[in-house]
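Scroll down for the structure; my scribbles are underneath it.
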Amino acid sequence: MKTQGKVASIPYTLERRRTSRLISVRVLGDGTVKVNAPYRVSVAAIERVLVSHQETLRQAISTQKMHLHTYQSGDTFLFGGKRYCLELKQGAKNSIAVIEERLVVTHVGKEAEALVVQHLVKTLYRQSVKARVEPLLSLWAKRLEVVQPPFSVRDSKSRWGSCSAKGRLNFSLRCQILDDRQLSYLVLHEMAHLVHFNHSKEFHALLALHMSPYKEIQASIFALQKESQLHF
Ligand SMILES: [Zn+2]
């Protein structure tokens, strides 16, 4: 059961869960506050928790909102590790193109709808990830001496990549924000799961063998987590 509330001018969504044992408060990627709590805890008790953490919450909300896209001209996107500027112009049909370091969106009609622009950006990201992952798969398949696996690019917000038990790889279209080294590491990581289907010592040793600074690269990817929300 979900209910909406507001305390100390912070709006929040409260979800009651039979399985929750504690009150948990999270600021989501779009800057909204989500609270999970067991049924037995009163709203007053929950709001006391929010009030006592209001400074931290406000800071987290404004940090998240800084990463919100407007999908207007001047908005910027990480694209292959570099920051590209969005440019909108009116034209005969909806399309997107990469021109120098700009994402140029052509839209039908006077106003560009945010959802239309978002869809075009997503399509471009998806195609770009597909094109960049393909050669990396063949490279790492040779080096790891495994068969090149099938893969797809998905609209995932929570994971950069994954490897199924059947050996199928998935990458998020948001991987397009990564630079070449980061993307190569990610492909290596998922492909190393074809050798070790876990995060064991052997798995990490394999990563270290093929990419010695992998820990540093992994940390740089984690640091981009906020940006990866992209509010697509
Ligand atoms: Zn993994």
Side-chain angles (χ1 to χ4, degrees), residues 17 19-22 24-30 34 36 60 63-64 67 69 77-84 118 121-232:
R17 286 192 179 161
T19 51
S20 328
R21 289 175 49 221
L22 302 161
S24 87
V25 183
R26 280 192 305 152
V27 177
L28 304 184
D30 59 0
K34 198 177 168 201
N36 284 328
T63 307
Q64 292 291 17
H67 294 281
H69 284 290
F77 290 84
L78 269 180
F79 192 83
K82 284 189 196 158
R83 200 160 278 283
Y84 280 45
Q118 183 190 61
V121 173
K122 270 192 190 179
T123 306
L124 174 69
Y125 271 46
R126 187 189 295 273
Q127 287 166 351
S128 309
V129 170
K130 253 193 184 145
R132 289 172 73 203
V133 164
E134 189 87 58
L136 289 169
L137 281 181
S138 116
L139 173 98
W140 287 117
K142 277 188 207 112
R143 294 200 187 158
L144 295 173
E145 297 176 339
V146 295
V147 176
Q148 190 170 326
F151 80 105
S152 27
V153 181
R154 294 200 178 159
D155 190 355
S156 164
K157 282 190 189 188
S158 55
R159 308 177 85 170
W160 294 97
S162 63
C163 174
S164 78
K166 286 184 178 164
R168 185 178 183 90
L169 306 191
N170 285 303
F171 295 95
S172 168
L173 59 86
R174 288 163 184 81
C175 291
Q176 183 51 21
I177 77 171
L178 304 177
D179 66 23
D180 290 342
R181 204 165 81 123
Q182 291 166 328
L183 188 64
S184 185
Y185 162 72
L186 197 71
V187 174
L188 164 64
H189 180 113
E190 297 312 334
M191 286 191 68
H193 281 312
L194 299 172
V195 184
H196 302 288
F197 197 65
N198 50 40
H199 289 115
S200 61
K201 257 191 195 158
E202 291 76 17
F203 173 80
H204 285 280
L206 187 64
L207 294 184
L209 180 69
H210 290 280
M211 205 180 267
S212 56
Y214 82 96
K215 280 194 177 152
E216 174 201 318
I217 302 171
Q218 191 175 43
S220 73
I221 296 177
F222 281 140
L224 285 170
Q225 212 80 27
K226 273 196 190 109
E227 195 91 33
S228 78
Q229 310 265 346
L230 293 175
H231 304 291
F232 282 167

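Keep in mind it's a predicted model, so treat the numbers as computed, not measured. Both ligands and their constituent atoms are indexed starting at 1 by order of listing.
What you find for Leu78 and Tyr125 is that their closest heavy atoms are O-OH, 2.5 Å.
Under the side chain to side chain contact (heavy atoms under 4.5 Å, CB included) test applied with Leu178, the options Arg174, Arg181, Gln176, Gln182 reduce to a single match, Gln182.
Under the rule for a side chain to side chain donor-acceptor pair (under 3.5 Å), Glu190 has no partner lying at least two apart in sequence or in another chain.
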Report, one line per pair, each donor and acceptor closer than 3.5 Å where one atom sits in a side chain of residues 139-146; sequence neighbours left out.
unit_1 : atom_1 : unit_2 : atom_2 : d
Trp140 : NE1    : Ser184 : O      : 3.3
Trp140 : NE1    : Ser184 : OG     : 3.1

Would you mind writing out the side-chain donor-acceptor pairs for residues 195-209 within the sub-3.5 Å range, not counting sequence neighbours?
unit_1 : atom_1 : unit_2 : atom_2 : d
Asn198 : OD1    : Ser200 : N      : 3.1
Asn198 : OD1    : Ser200 : OG     : 2.7
His199 : NE2    : His189 : NE2    : 3.3
His199 : NE2    : His193 : NE2    : 3.2
Ser200 : OG     : Glu202 : OE1    : 3.3
Ser200 : OG     : Phe203 : N      : 3.3
His204 : ND1    : Tyr214 : OH     : 3.0

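Only protein atoms were considered; those of element N, O or S under 2.8 Å from the Zn ion (ligand 1) number 3.
Classified by interplanar angle (parallel below 30°, tilted 30° to 60°, perpendicular above 60°), the ring pair Phe79/Tyr84 is tilted.
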